[in-house]
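Some notes on the structure that comes next.
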Amino acid sequence: MDNNILGVGGLEASNLNAGVGFVIIPNGVDIKTYKEDVYRSGRISIYGGYGHSNFYNILIDSEALQKVKFPERVGDMGTPVVWINIPKHNEPIVVASLKYDEDFYSVSEFRNRITRGNDGIMTDFDMDGKNGKIRLNVTGNQNKSGEYEINVSGPNSNSTYKLNVDGKVLEKSSDEIIRLSEKRIINVATKKDGITAVKLEINSEDEKRLDYQDDFGNSIESYEDKLNIRANNSSKIDFGDGSEKAVLGNTLLNLLTKYDQAFEKMTVNTAFGPSSTRINNAEFLSIRSEFETILSKLVNLD
Amino acid sequence: MLDKDFLTSEIRKINDPFYELFGGWPASCSFACLRWTEAFYLYSKEMLPPSDTFLEAKAAFLTIIQGICSSNTLIRSATIFANAIMKMGEVIAPGIEVANPKLKGIMPPTVLNLIPLFTRALNGELSSEQFAIELAEITDVWFRSGTAIIIETGVIINWN
């Protein structure tokens, strides 16, 4: 197994076991293709350091490979690396990378940081064990916007993403915040004893699209054929400042009809005896026939 | 003598519930007509020079004013009322000569128009009392424009 990985013949390492070299771009290669090959194969070319030649296509530790920076062109030097030579196989292996001069991020005791970037694009994972913070920074440039994506999946579509916070959760966006579910989104607020005080649910499969319920007995439910608002324990629903009471349409219609029917029979005393009933009764009856138009076709109360 | 205030009081007994002598609302239109007739009769029969046809004039007034009970417009009602008063004057006039052959009675010459008064009353511009006062005033002015001629001398005296 070792032989398959390390090769049989080995490379000249000047009989030294280790050294510090630099990442290089070999001559005659397409730089872009070369870099892709390095990450695909896990083999890299380095200048072996003082007293050494270049080592081409040698193995590199996967962790170190994540941290190296390539020079811009052939002849320049990139990230300094530590290599060791395994005597039996006589082939150097890069086992660590050292701090690159152009790295400007601060690293300190209790802190672990991984930064990768190019042409103004940067991804940075910063674990600060001294201050109890983890930051994940993603920055895009003029041509590519930053993106942070988490994918959780499984064969049975029952994967779970959990976020547990003993404190606040703050989401802030300079643009939209979009939450998309192919089934249901549930927001719940409980009291300290764990009993639900209010629940807001939106879903695409149940008969209710929107379902708001709270421990005051209030609810808002959206169905295909109606929107239902209830105030069971609250005893009233206010629109605006709630200074005027709403009118019950059917009750008003009945009262108006009774009122006009009584008015229709009304007479008054005059100096020429009791008056007749209203002379323009036909006009009143015409108006009475329109009473039902006061009933809303959209809103029902109580 | 003709007494405008007396007529005002008689009218208020019929139409003004706030009048201390108000006799109550008439129970029917026909009974109301009897009361109106009585009021104008009591007023007119005190006229000088006297006439021998006051009772006939009363009956004539009643006959005409009863037309109000089948009237359904203000203009028609006001016209009927004015016609009843004018008919009363028309019947009183010849009775003056009957009562006193030296005199010849001439009814008031103008046509009585009560439409503006009735319109203002129905529009709520007049109280019952104001209506009674104005109706009595209009009637009294009209009656006093009636005349009697002393046949021998041609002297004209007004009804009063």
Side-chain angles (χ1 to χ4, degrees), chain A residues 229 231 235-302, chain B residues 7-19 21-40 61-62 64-78 80-81 84 114 117-118 121-122 124 126-136:
Chain A
I229 300 174
S235 76
K236 64 175 178 174
I237 298 173
D238 279 348
F239 290 91
D241 61 10
S243 58
E244 293 273 346
K245 293 199 179 296
V247 174
L248 303 177
N250 291 337
T251 303
L252 177 61
L253 176 63
N254 289 337
L255 281 175
L256 279 177
T257 302
K258 276 196 223 175
Y259 178 85
D260 192 63
Q261 285 169 340
F263 192 31
E264 187 179 10
K265 293 183 273 191
M266 189 183 83
T267 59
V268 295
N269 286 318
T270 73
F272 277 91
S275 70
S276 64
T277 55
R278 56 195 188 191
I279 295 171
N280 58 339
N281 190 46
E283 189 178 350
F284 277 88
L285 291 180
S286 173
I287 296 171
R288 195 201 290 176
S289 71
E290 294 182 41
F291 278 177
E292 280 204 3
T293 60
I294 65 174
L295 298 177
S296 171
K297 291 181 174 48
L298 180 63
V299 178
N300 293 322
L301 298 177
D302 287 31
Chain B
L7 179 58
T8 301
S9 175
E10 291 302 304
I11 292 171
R12 292 184 71 193
K13 287 178 184 177
I14 303 171
N15 83 324
D16 187 357
F18 299 108
Y19 188 43
L21 298 179
F22 178 63
W25 295 112
S28 67
C29 184
S30 56
F31 184 62
C33 290
L34 289 173
R35 290 177 62 181
W36 282 105
T37 302
E38 188 69 16
F40 277 79
F61 183 99
L62 178 61
I64 291 179
I65 202 167
Q66 283 175 332
I68 279 183
C69 296
S70 58
S71 165
N72 59 1
T73 70
L74 177 141
I75 292 176
R76 178 163 162 73
S77 298
I80 290 171
F81 205 110
L114 295 178
L117 175 64
F118 273 52
L122 199 66
L126 298 174
S127 66
S128 300
E129 180 184 2
Q130 287 169 328
F131 174 82
I133 291 171
E134 289 198 27
L135 178 59

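Per chain, numbering begins at 1; letters A, B, ... match sequence-line order.
Aromatic ring pairs are classed by plane angle as parallel below 30°, tilted from 30° to 60° and perpendicular above 60°; the pair B/Trp36 and B/Phe40 is tilted. Using bins of under 30°, 30° to 60° and over 60° for the plane-to-plane angle, the ring pair A/Phe263/A/Phe284 lands in the perpendicular bin.
With a 4.5 Å cut-off on non-hydrogen atoms, A/Thr270 touches chain B through its backbone but not through its side chain. Looking at B/Ile68, the atoms closer than 4.5 Å to chain A (heavy atoms on both sides) all sit in the side chain, from C-beta outward. With a 4.5 angstrom heavy-atom cutoff, B/Phe131 does not touch chain A via any of its atoms.
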Yes or no on disulfide bond (SG atoms under 2.5 Å apart) for B/Cys29 and B/Cys69, after CA distance, side-chain angles and deciding distance? CA-CA 6 Å; B/Cys29 184; B/Cys69 296; 1.9 Å; yes

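At a cut-off of 3.5 Å, with distance as the only test, no side-chain donor of B/Tyr19 or B/Ser128 sits close to an acceptor on the other residue.
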